[in-house]
Chemist: 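So that we are looking at the same thing, I have put the structure below in structure tokens.
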There are 4 protein chains.
Amino acid sequence: MTEPVITPQKQAILDAAQGLFARHGYEGLSIRDLAAECGLAKATIYHHFRDKQDIFMNVLERDAGCVHAQIMAAAKREPDPLSKLRVVVHTYCGLISERRSIVLTTLREVTGMEDKLRRFAMMNKQVFLGPLAAIVQQGIDEGVFRPVDTEMSALSLLGMLHGFVTFQLIAQDREIGSDVADHVLSLFLHGICVRDSQ
Amino acid sequence: MTEPVITPQKQAILDAAQGLFARHGYEGLSIRDLAAECGLAKATIYHHFRDKQDIFMNVLERDAGCVHAQIMAAAKREPDPLSKLRVVVHTYCGLISERRSIVLTTLREVTGMEDKLRRFAMMNKQVFLGPLAAIVQQGIDEGVFRPVDTEMSALSLLGMLHGFVTFQLIAQDREIGSDVADHVLSLFLHGICVRDSQ
Amino acid sequence: MTEPVITPQKQAILDAAQGLFARHGYEGLSIRDLAAECGLAKATIYHHFRDKQDIFMNVLERDAGCVHAQIMAAAKREPDPLSKLRVVVHTYCGLISERRSIVLTTLREVTGMEDKLRRFAMMNKQVFLGPLAAIVQQGIDEGVFRPVDTEMSALSLLGMLHGFVTFQLIAQDREIGSDVADHVLSLFLHGICVRDSQ
Amino acid sequence: MTEPVITPQKQAILDAAQGLFARHGYEGLSIRDLAAECGLAKATIYHHFRDKQDIFMNVLERDAGCVHAQIMAAAKREPDPLSKLRVVVHTYCGLISERRSIVLTTLREVTGMEDKLRRFAMMNKQVFLGPLAAIVQQGIDEGVFRPVDTEMSALSLLGMLHGFVTFQLIAQDREIGSDVADHVLSLFLHGICVRDSQ
DNA sequence: GATGAATGAGTATTCATTCAT
DNA sequence: AATGAATGAATACTCATTCAT
């Protein structure tokens with residue numbers, strides 16, 4: 001019960017950090033800017049968090065929990081894997097464009113991070129890779145999907161979505177909306193071939 | 001005719017820079033490290049290039065040209081869009097895992113860059129998004145592919161591949177090889193549904 | 001009558017501070033660490049003491065009183081200056097190695113301190129320089145010692161002892177024990193020359 | 001021959017650093033102050049030296065070499081150990097009061113330093129402990145000195161001198177001159193007892 | 001008595017860049 | 001063509017201290 005309680009002040013810092021991490025990446029967020037964004041002194045940030053990694057990990061954890069909860073809730077509402085997939089993909093799209101989830105965006109640059117941080121990031125990745133793989137597996141079991149590699153498939157689906165995120169971040173001219181979700185889903189489910197020859 | 005001649009020394013710097021950009025990202029490359037890698041003094045770098053952006057742009061341009069050439073050559077060898085797609089996807093995979101092409105990897109972090117740089121990055125993106133879209137368009141024209149949005153489809157395909165790159169960069173335990181190319185291609189072409197119901 | 005009462009809580013803080021000052025020096029002790037060592041919040045330290053100087057001065061005063069008392073008691077037990085010196089030197093050695101007295105160890109770095117603090121430190125220095133000088137004076141009066149400068153002699157004797165303390169702190173391989181006391185005393189009393197020619 | 005050449009600029013920085021280290025100790029020297037003292041920007045300091053430790057080690061090394069050379073030269077001029085000792089002690093006193101040698105003053109606070117730095121400091125300490133011990137040994141061999149522990153004796157002698165240094169640093173009212181050297185030497189050689197009774 | 005929150009000034013160090021040679 | 005020297009601005013982080021509760 002004495003879990004590390006996250007006070008409102010901490011939440012406010014995490015909120016600001018989430019946006020900055022999503023916009024500028026891990027290295028790109030400077031404590032000075034974060035403090036300014038919060039209207040606090042730099043030192044105050046360090047009163048609440050041990051260091052930059054600590055902030056990132058907390059943002060990651062909080063966001064992962066949120067994403068996971070929404071995904072699971074969405075999947076639960078639908079019985080068959082096809083509907084589940086549809087709902088989950090739309091949920092992802094919503095999370096990405098609305099909240100700029102860092103779990104979904106900042107992970108690209110964990111490369112250079114220290115081991116501890118990278119392992120933590122990996123762990124959190126499972127949070128949204130796992131549910132997708134599970135749905136694919138269910139579909140295979142029920143004979144609805146082809147017997148593909150579940151993990152690779154989940155990764156592919158996420159990759160498609162990320163493609164649009166990255167593109168949007170670069171171009172800043174394309175809103176990620178339902179059409180994207182539909183397109184990705186359609187491609188993932190049926191491919192682009194006219195029929196299953198070959 | 002007085003095109004910016006790229007001397008051997010410049011090439012050597014670009015070679016070193018390409019590797020460092022790919023490994024550490026744009027912010028992560030420090031001129032100091034680059035100079036050390038080249039066995040040159042920091043100031044000498046600035047004798048050959050205006051600034052860091054200039055280096056990045058040159059690397060990007062050179063790499064884009066190279067990627068473009070290989071993609072086009074590969075596509076040219078095959079007549080039908082299906083084979084073209086297969087060959088092009090395998091080429092991409094090869095470029096990513098062999099040469100760690102920065103066009104394909106570093107673009108994720110152009111977000112925070114200044115406008116000029118971002119526009120330039122966008123332009124280069126077309127280099128490998130364009131050919132893919134063209135192939136998809138050809139397939140649609142020939143009645144082999146469904147009438148999907150060509151640009152979105154190309155983006156989706158690239159996204160899938162990038163998913164694996166990112167994953168590999170994070171996990172560092174999965175080599176990107178032919179199986180990945182085959183999987184991505186199979187999914188892109190036929191989806192995961194057993195048949196085209198619904 | 002309203003002398004600055006030193007409550008048990010204050011004593012606990014001073015105990016912790018004494019150890020930290022002795023180990024890390026004046027600058028090296030951080031209030032944060034001190035608070036952690038006491039199991040108190042940083043602000044609580046300031047509830048009991050005005051500032052860092054105040055803490056240092058209190059530790060110094062308390063320790064000086066203790067050292068002084070022990071030295072005086074030891075000296076009192078012996079009648080002749082030679083025995084007094086022997087007993088006092090052994091007492092010093094004991095204090096240094098057992099309690100890591102800060103009066104004897106931290107004083108080296110009062111250099112950079114503000115005037116007030118430095119003057120206070122000086123004053124406390126007299127606490128253990130004075131008794132030694134007195135003993136030497138007594139010895140001279142009784143014709144046992146040569147008519148040397150008493151203060152310089154006391155300082156020399158202490159310097160010898162400090163030499164071993166410093167050396168031990170650096171090397172951390174030599175325990176300060178009776179042999180050191182005997183050696184220092186022997187040198188101080190008879191020098192190293194075979195006989196008093198010159 | 002390609003020894004790390006110490007350029008004039010480096011020398012200037014080391015000169016400034018030597019004074020600051022001697023006055024404020026290792027922790028007490030701030031790069032900002034050092035840069036200001038040199039009339040350079042902070043970053044320029046780092047152009048010449050890797051970090052603060054590097055600066056300290058260079059100062060230490062240079063100073064140790066200088067002290068060693070002067071001591072050895074002084075000792076060489078005199079044939080008998082007694083004269084040697086006299087000359088060497090006076091040399092030490094001169095070095096301390098004139099140049100504020102850090103080898104002789106800053107070493108007190110290597111306690112908290114990292115291992116590498118502490119070992120280095122220890123090594124340098126031998127530079128001026130060794131020659132003294134050698135002279136004492138020579139005296140013992142020639143039957144001029146009593147058969148004392150040479151290292152402990154050398155340490156004691158240095159300790160006495162340091163006692164005055166510390167005292168002077170604290171009090172800032174006593175110049176270290178010939179009288180101090182004479183006093184210390186006299187005490188070291190003959191002790192304070194009237195005769196060798198006991 | 002005690003403390004969580006907050007802070008301004010400080011720490012060592014790194015950055016991309018310039019310039020005289 | 002090349003570089004050693006120099007720098008202003010930035011980096012993450014720590015300091016002793018204050019104050020409202």
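Computed over heavy atoms, backbone and side chain alike; hydrogens, waters and symmetry mates excluded. Proteins get letters first, then strands, A, B, ... in listed order; numbering begins at 1 in each.
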Chemist: On DNA chain E, check which nucleotide each of B:A43 and C:L40 is closest to and give me the residue with the more 5' one.
Modeler: C:L40
Chemist: Considering just the side-chain nitrogens and oxygens of C:T44, establish if one lies under 4.0 Å of OP1 or OP2 belonging to E:dG1.
Modeler: no
Chemist: Hey, which sits more toward the 5' end of DNA chain E by its nearest nucleotide, C:K42 or D:R50?
Modeler: C:K42
Chemist: Return the value, rounded to whole Å, for the distance between atom CZ of D:F49 and atom P of F:dA6.
Modeler: 11 Å
Chemist: Rounded to whole angstrom units, what separation is found between the CD atom of B:Q11 and the C1' atom of F:dA1?
Modeler: 17 Å
Chemist: Is any NZ, NE, NH1 or NH2 atom of the basic residue among B:D33 and B:K42 found under 4.0 Å from an Asp or Glu carboxylate oxygen of the other?
Modeler: no
Chemist: CZ of A:F21 to CG of A:L14: how many Å apart, nearest 0.5 Å?
Modeler: 9.5 Å
Chemist: From A:I6 CD1 over to A:R62 CZ, what is the distance, rounded to the nearest 0.5 angstrom?
Modeler: 7.5 Å
Chemist: With a 3.5 angstrom cut-off on both distances, give the Watson-Crick or G-U wobble partner of F:dA20, or none if there isn't one.
Modeler: E:dT3
Chemist: So, under a plain 3.5 Å distance rule, would you say the side chain of B:K52 forms a donor-acceptor pair with the base of E:dT17?
Modeler: no
Chemist: Take the protein atom CG of C:D33 and the nucleotide atom P of F:dT17, then report the distance between them rounded to whole Å.
Modeler: 15 Å
Chemist: Tell me the interatomic distance from D:Q53, atom CD, to E:dT11, atom C1', rounded to whole angstroms.
Modeler: 15 Å
Chemist: Considering only E:dT13, F:dT17, E:dA5, which nucleotide approaches the side chain of C:Y46 most closely?
Modeler: F:dT17
Chemist: Specify the separation, in whole Å, of atom CG of A:L29 and atom P of F:dA10.
Modeler: 16 Å
Chemist: Send over the distance from D:H48 NE2 to E:dT13 P, rounded to a whole Å.
Modeler: 16 Å
Chemist: For a quick test of reading the model: is some side-chain N or O of D:R32 closer than 4.0 Å to OP1 or OP2 of E:dT11?
Modeler: yes
Chemist: Whom does F:dA10 pair with, Watson-Crick or G-U wobble, provided both distances fall under 3.5 Å?
Modeler: E:dT13
Chemist: Roughly, in whole Å, what's the span from NE2 in A:H47 to C1' in E:dG8?
Modeler: 16 Å
Chemist: Return the CD1 to OH distance between B:I55 and B:Y46, rounded to the nearest 0.5 Å.
Modeler: 6.5 Å
Chemist: For A:D51 and B:Q9, take the nucleotide of DNA chain F holding the closest heavy atom to each; which residue's nucleotide lies nearer the 5' end?
Modeler: B:Q9
Chemist: Compare the minimum distances between each of E:dT7, F:dA12, F:dA6 and the side chain of A:I31, then state the nucleotide with the smallest one.
Modeler: F:dA12
Chemist: In whole Å, I'd like the distance from the CD1 atom of C:I45 to the C1' atom of F:dT17.
Modeler: 13 Å
Chemist: Is there a side-chain contact between C:L34 and C:K52 (heavy atoms, below 4.5 Å)?
Modeler: no
Chemist: Taking only the side-chain heavy atoms of C:S30 (C-beta and beyond), determine which of E:dA12, F:dA16, E:dG1 contains the nearest atom.
Modeler: F:dA16
